[in-house]
Visitor: 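Take a look at the following structure, please.
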Amino acid sequence: GENVEQHPSTLSVQEGDSAVIKCTYSDSASNYFPWYKQELGKRPQLIIDIRSNVGEKKDQRIAVTLNKTAKHFSLHITETQPEDSAVYFCAARLSNNNDMRFGAGTRLTVKP
Amino acid sequence: NAGVTQTPKFQVLKTGQSMTLQCAQDMNHNSMYWYRQDPGMGLRLIYYSASEGTTDKGEVPNGYNVSRLNKREFSLRLESAAPSQTSVYFCASSEGSVETQYFGPGTRLLVL
């Protein structure tokens, strides 16, 4: 079936460094790619999303890039802060319906 | 404006028992979703409702049924609970299929 793979599963960086999380998807017609942040015991919350007609999107310290040809997209966090520590999920909407497939998540730890 | 609400917060069931998880949103969203979240597996879509009066299967629908009671409410029913259904269940809603999904606080279900 259609799936989304996410790497790495864990990532530890020093405060102020950059963090990059990568996802690949299998449905070539997927057209919407959100990223969610989930703190321990909390609900997932959208941090940024990108649609298939755009190659890159930025929001302050967060950016997402999309390569439709290669079927992969990445989350970039610059100048990381301890409060960025959380689990991050990528997702891709399948082309023919509202079905959303999520990656398995990346646990990001930012060390002060 | 409460956003997405879910009841109950926590439930313990015995194998074979039934229960209904309730979800409501006050954002006038068209689409609603039910996910389950298991450790190390991210979020998996159980069922979704693109609009009032319609429901469709997601990635893992077996053992579940849903009802879109009206535009605000979307319930998930387990007819005969199994230990494999032990999980955290999240409801979400969105304006449309390529719009931000807003998640509820989750229901933690333990099936013994």
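Naming: A, B, ... by sequence-line order, numbering from 1 per chain.
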Visitor: If you define the side chain from C-beta out and look only at heavy atoms, does anything of Cys90(A) sit under 4.5 Å from Tyr36(A)?
Guide: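 Heavy-atom side-chain distance check fails, nothing below 4.5 Å.
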Visitor: Yes or no on side-chain hydrogen bond (donor to acceptor under 3.5 Å, both in side chains) for Arg68(B) and Thr54(B), after CA distance, side-chain angles and deciding distance?
Guide: CA-CA 7 Å; Arg68(B) 183 75 182 266; Thr54(B) 69; 6.0 Å; no
Visitor: Please rank Pro44(A), Gly41(A), Ser9(A), Gly103(A) by heavy-atom pairs under 4.5 Å with chain B and give me the top one.
Guide: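 Winner by heavy-atom pair count: Pro44(A).
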Visitor: Under the 3.5 angstrom rule, does the side chain of Asp26(B) hit a backbone N or O of Gly3(B) as a donor-acceptor pair?
Guide: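 Such a contact is found between Asp26(B) side chain and Gly3(B) backbone.
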Visitor: Determine which residues belonging to residues 100-110 of chain B lie within contact range of chain A, meaning some heavy atom pair is under 4.5 Å apart, and list them by number or answer 'none'.
Guide: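 Thr100(B), Gln101(B), Phe103(B), Gly104(B), Pro105(B), listed by number.
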Visitor: Report yes if the side chains of His7(A) and Ile21(A) come closer than 4.5 Å at any heavy-atom pair, otherwise no.
Guide: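 With C-beta onward as the side chain, the pair stays apart.
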Visitor: Sort Pro34(A) into side chain, backbone, both or neither according to what part of it lies under 4.5 angstrom from a heavy atom of chain B.
Guide: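 Contact with chain B is absent: no heavy atom of Pro34(A) under 4.5 Å.
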Visitor: With a 4.5 angstrom heavy-atom cut-off, which part of Val88(B) approaches chain A: side chain, backbone, both or neither?
Guide: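 Neither part.
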Visitor: Given the options Arg44(B), Gln37(B), Lys57(B), which has more heavy-atom pairs under 4.5 Å with chain A than any of the others?
Guide: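 Heavy-atom pairs under 4.5 Å are most numerous for Gln37(B).
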Visitor: Less than 4.5 Å to any heavy atom of chain B: does that hold for the side chain of Gln38(A), its backbone, both, or neither?
Guide: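 Interface part for Gln38(A): side chain.
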Visitor: Would you call Glu56(A) and Lys58(A) a salt bridge, taking side-chain N to carboxylate O under 4.0 Å as the test?
Guide: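 Salt bridge absent between Glu56(A) and Lys58(A).
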Visitor: Would you mind checking which part of Tyr47(B) comes under 4.5 Å of any heavy atom in chain A, side chain (CB onward), backbone (N, CA, C, O), both or neither?
Guide: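 Neither; nothing under 4.5 Å.
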Visitor: Decide if atom CD of Glu79(A) counts as having more than 12 heavy atoms of other residues, nucleotides or ligands within a radius under 6.0 Å.
Guide: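 12 or below, so no.
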Visitor: Is Lys57(A) salt-bridged to Asp49(A), cutoff N-O under 4.0 Å?
Guide: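 A salt bridge links Lys57(A) with Asp49(A).
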Visitor: Minimum heavy-atom separation for Met27(B) and Val4(B), please, with both atom names.
Guide: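 Answer, listing the atom of Met27(B) first, then Val4(B): CE-CG2, 3.5 Å.
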Visitor: Which one wins on heavy-atom pair count under 4.5 Å against chain B: Arg51(A), Gln45(A), Arg43(A)?
Guide: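 Highest number of heavy-atom pairs under 4.5 Å: Arg43(A).
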Visitor: Is it the case that more than 12 heavy atoms not belonging to Leu40(A) sit under 6.0 Å from its CG atom?
Guide: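 No, not enclosed.
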Visitor: Do Arg61(A) and Thr78(A) have a side chain donor and acceptor closer than 3.5 Å?
Guide: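 Per modelled atom types, Arg61(A) and Thr78(A) side chains form no pair under 3.5 Å.
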Visitor: Measure distances from Arg107(A) to the heavy atoms of chain B and classify the residue's part below 4.5 Å as side chain, backbone, both or neither.
Guide: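 For Arg107(A), no heavy atom lies under 4.5 Å from chain B.
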